Amino acid sequence: MSHPLVWPGSYFFYPIGNTSAVCLTRDLPSEEDADILLLGCGDPRHVLYTVFSELETCEKLDFTCCDFDPGVLARNALLLTLIADDVAHQTLWNIFYHLHLDANSLAVLRSHCQKLVDASADLESWRLSPYGPFLHFSTEYTLSELRRHWSLYHSMQNLPPHRLSAIREAYGMAFKSSQRSRGTPMTAARAAGPLIARSSHVSAEQVKNYWKTGTTFFDVRQISLATFLNPTFAYCLLGEGCNVHYASDPLVTFHSAEVFGNSVGDVQPGELVKAARSEFSVWCRTFRESLTTHRRSPCVRMCLAEATAFCKALRGFRASHMLNPGIPIAQFKTQLLRLFAEEYVDGGAPAAFNVIETSNLIDHVGLLNVLIAAAPLLAPSPTSVLYTESLVFLGDDATKEFANLLYADIGTVGLLLDLCPIDYLSGFTSRSNTHELLAYQAAQGKVGQFQQVTTWKRPMSSDSDVALHGSRSQLPPVFESRQLGTLLFDMYHAIFEQEDAPTFLQENLMNLRKAIATSNIIHYMREGFVLLLRSVRERLRIPREQWLEVMDRFLDLEGSDRTMPMNTINRNDLYAHLHRQGVHTLGYYKTDRLPRIGRFAGWDAVPPVVRIILSVPREKITAFESVVRTAKSGTPLLHCDVRGNRCHNTFGAVHVAFGRILSTGTRSSPRVLFEEDTEGWKGSLPLVASFCLPSMLLTHFEPPSNLRVCLSVRCTTGTATLIPHLGLNLEVFGAALMDEDHVFVVPEAALPPEDFESSLGPLPSPNSSMRIDVGTQQAVHIDFDEQCELVQTLSSKVAIEHPDVKREFGSAGAMPHIRQLSPCCMRLTVAGHSQDVVFPFPVIGTQNKLRLARKSLYIEVRWKPMCSVL
């Protein structure tokens, strides 16, 4: 995973979406088949609404839904199969949205769960079931976990009394938590769009009733019949109980503007519920019709995995047809992502998508991490689109926070990653968020959420002439090595500078209280930054020699910087992942002269990077959980340390799971096996933490007997309350490096090498209307300003090859002329011949310069990018 390890002091289950449904194909041409990836998919509202919106216009709708909570996917599959079985819509509504059920709804639920369990003994059995044609699973583990949940739903009523009592108590606590929550719930009011002011009060009344009765009923008799707990809310990633988020509200996912817009008087809560149920019925009816009457029914695929892990697996399959990339599905899990061959090799499951919906993952993972993981999965079509969404803001002005999330200029990042917000490219947006701004201003910024949806496309997609009609093959843009190295270090500095307390305080003086309260919301670590470097090199196809120059500049600046003292203890984490990811190997990593001492005694060979595995006794974890609750420190971040008498290094890329480590190798070639604790959080086996580090740290600076390996809390202003309990080092558990009962050291192989230099191949097919009568356009060069922050000019040379133009331009002195045809395309005319010069980013047609080389026979065209004036 590309995110620091978060200790889940509190975990909330989101069985119901927290934003209104959207049509996922809204930016695709109607004639284009839709391969859609939903990361952090949540409930199936977007799938149902898209089918409802596009059934008659889109020939193919293929949804791949990824979520890391099995409870979410189990409920989604349950709903879709119930719809396929033509269950009454009122019963569907009750089963999916009500916390309390009547006897009939519960009977339908249990009967259907048994049917699903019978049909899902294995993937082949599922494929032959009535649901196999439209509901698919990307991995065998996904199906097995969903089957386990369906079985739990069916059998919950037969549990022993003490377990049922515990579940009832957990439901009661969830109801009390919602009723104690402060403020007026505004999530459902957002569904009214510009009529949010009229909606706020009545929506709040409705959600209060929901958490009072466990239903959306207002009729006393109907409420009195709903006496059974809905088992689909009792099981989630955390296990058995009720961890439903206290602000969950069924009406959030629907659209209520029509209700308020067409109402003469005040709208009552019951009217809102009636309208939502009516919309839900239309969605369900359309989805079932699509399965029975449409010649190409929608396909819904499900994968149980953390979003960035699934993206890596799909990327590996797309690149080399690798089905088992060796990636754990999520933190606290050891199962590896193994894509199902019958789906991806034989079944044609997509690994590239023209729509990627990422929900509000950027609030939980970070915008750069989402873009790095998901962007490579975009299909090469110019209409391909990626959506990001945020609900949380950390600064003092939600309306201006987006620009800070990339840690560099938006246009610059657009050129680096070939992805840019279309609002930025066009200067306007077609999606109104006036209601969000009005609510924000009315509350004077004192709101818990601020929704921002961003649509990302390739920069050239803003040019319809080039993007829609196709163009010649395009070489990626070329950056000057020192400038690119400086830019990348500036991003590194901006991402990690607030690790130091003085910088943190200085940067947050105007918003200190909120900054301290949210100081544990940190999305980036050194491994994630290395993945950014890897993406940049892959996107720009930078040759090895030039990449060495880029990295030399980056490392010179990183090594000489004195403004980030905390970087000194994180530096070796960065260097280890540079080597492991094949991005760059420092000189002293290339030696095989490491002494065979300490844990390396007897090894046949010591690689540059090794993996340390630390077994943390369960009693230490239990004590730590108690401390977190006592100190009310929420969800602290954890990392691993290697400490000595004179040295200290921290490592953020830590993977953890509950279980037991077993040594299986020899002293000369150590290996380990992991035996997972099937009870997880409720089990008794240790917590096993593993991380990579440079081998030399265990031999070069201190005797191995001086070193300790620790699992510790990351020090932030938000974890200061833990110091009285854990000490200044915030150590959860530590053991001597030489302690073979708790510390294991094994070789860590570098990842398979990437081909960073071969051609990416052609973009969309050539268009005969593109003129190429003068010669060959060379790669576009990018020049930055003096601070290496903003793109100053884009330039490209046209090598003159046509014999007539050579003669007229080289000898007769013909003067070229140039004019702008479209945002990214210029037409160069010389001696009666024309050449279309294409740029990877919109440019300002009036701000151009021509450089004429009559002896060398080329014309260089220089333009200012549009981003320089936005």
Side-chain angles (χ1 to χ4, degrees), residues 3-12 14 18-19 177 180-187 189-190 196 200 245-247 359-370 388-407 433 435-454 493-525 564 566 628-638 713-723 730:
H3 193 275
L5 172 60
V6 179
W7 187 259
S10 59
Y11 175 79
F12 289 114
Y14 289 89
N18 56 1
T19 57
S177 175
R180 287 198 304 264
S181 61
R182 298 179 179 178
T184 301
M186 293 294 292
T187 47
R190 181 180 287 126
I196 189 171
S200 58
H245 191 270
Y246 54 84
S359 183
N360 66 320
L361 278 181
I362 67 173
D363 292 335
H364 304 280
V365 179
L367 178 56
L368 278 177
N369 285 333
V370 169
T388 61
E389 179 179 357
S390 64
L391 294 171
V392 176
F393 66 99
L394 304 180
D396 58 345
D397 189 344
T399 64
K400 298 179 180 178
E401 185 159 308
F402 179 82
N404 300 323
L405 299 181
L406 292 171
Y407 299 95
N433 71 333
H435 59 288
E436 205 74 34
L437 292 168
L438 290 173
Y440 180 79
Q441 292 167 358
Q444 297 181 332
K446 297 177 182 179
V447 294
Q449 291 186 346
F450 184 82
Q451 185 184 28
Q452 286 187 294
V453 178
T454 306
H493 193 283
I495 290 171
F496 298 114
E497 64 180 349
Q498 292 194 35
E499 291 176 335
D500 300 290
T503 305
F504 174 86
L505 294 172
Q506 180 180 345
E507 293 293 324
N508 295 285
L509 279 177
M510 305 302 294
N511 189 40
L512 193 55
R513 173 180 284 186
K514 186 172 184 180
I516 293 173
T518 59
S519 62
N520 283 334
I521 303 178
I522 296 173
H523 299 308
Y524 301 104
M525 57 184 180
M564 295 195 300
M566 290 296 290
V628 170
R629 287 193 297 269
T630 301
K632 298 180 180 179
S633 57
T635 54
L637 301 172
L638 301 184
V713 175
R714 178 167 174 168
C715 182
T716 68
T717 53
T719 57
T721 56
L722 293 174
I723 293 176
L730 293 175

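In this text the structure is predicted, and so the values were computed from the model without any measurement.
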**Q** Can you tell me how the ring of H3 sits relative to the ring of H523, calling it parallel under 30°, perpendicular over 60° and tilted otherwise?
**A**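 Tilted.
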
**Q** Give, for atom OG1 of T518 and atom CG of N508, the distance between the pair rounded to the nearest 0.5 Å.
**A** 7.5 Å

**Q** Provide the closest heavy-atom pair for A515 versus F504 in the form atom of the first, atom of the second, distance.
**A**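 Scanning both residues, the minimum pair turns out to be O-CZ, 3.6 Å.
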
**Q** Looking at CG of L722 and CG of L730, how far apart are the two atoms once the value is rounded to the nearest 0.5 Å?
**A** 6.5 Å

**Q** Just how far is it from atom CE of M525 to atom CG of N369, taken to the nearest 0.5 Å?
**A**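 So the CE of M525 and the CG of N369 are separated by 7.5 Å.
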
**Q** Looking at every heavy atom in both L405 and Y524, which two are closest together, and how far apart are they?
**A** O-OH, 4.1 Å

**Q** Please step through side chain to side chain contact (heavy atoms under 4.5 Å, CB included) for the pair T399 and F450, ending with a clear verdict.
**A** CA-CA 8 Å; T399 64; F450 184 82; 4.0 Å; yes

**Q** Please step through side chain to side chain contact (heavy atoms under 4.5 Å, CB included) for the pair L638 and V713, ending with a clear verdict.
**A** CA-CA 4 Å; L638 301 184; V713 175; 3.6 Å; yes

**Q** Does any donor atom in the side chain of N18 or Q449 lie under 3.5 Å from an acceptor atom in the other side chain?
**A** no

**Q** Indicate the atoms forming the closest heavy-atom contact of M564 with F496, along with that distance.
**A** SD-C, 3.9 Å

**Q** Quick check: closest heavy atoms across L391 and D363, and the distance to 0.1 Å?
**A**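 Minimum heavy-atom contact is N-OD2, 2.7 Å.
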
**Q** Return yes if some donor-acceptor pair links the side-chain N/O of Y407 with the main-chain N/O of L368 below 3.5 Å, else return no.
**A**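 Between the backbone of L368 and the side chain of Y407 there is no qualifying donor-acceptor contact (under 3.5 Å).
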
**Q** Does E401 use its side chain to pair, donor to acceptor, with the backbone of L394 at less than 3.5 Å?
**A**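 Yes, the answer is positive, given that a donor and an acceptor are paired below the 3.5 Å cut-off.
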
**Q** Roughly how far, to the nearest 0.5 Å, is the CD atom of Q498 from the CE atom of M566?
**A**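 Answer rounded to 0.5 Å: 13.5 Å.
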
**Q** Please check: side-chain N/O of S519 versus main-chain N/O of G718, any donor-acceptor pairing under 3.5 Å?
**A** yes

**Q** To the nearest 0.5 Å, what is the distance between OH on Y14 and OG on S359?
**A** 10.5 Å

**Q** Locate the shortest heavy-atom distance separating I522 from P4; write the atom from each residue and the value.
**A** O-CG, 3.7 Å

**Q** Measuring from T635:OG1 to Y11:OH, what's the distance to the nearest 0.5 Å?
**A**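 Between atom OG1 of T635 and atom OH of Y11 there are 13.0 Å.
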
**Q** Any donor-acceptor pair under 3.5 Å linking the side chain of T719 with the backbone of R714?
**A** yes

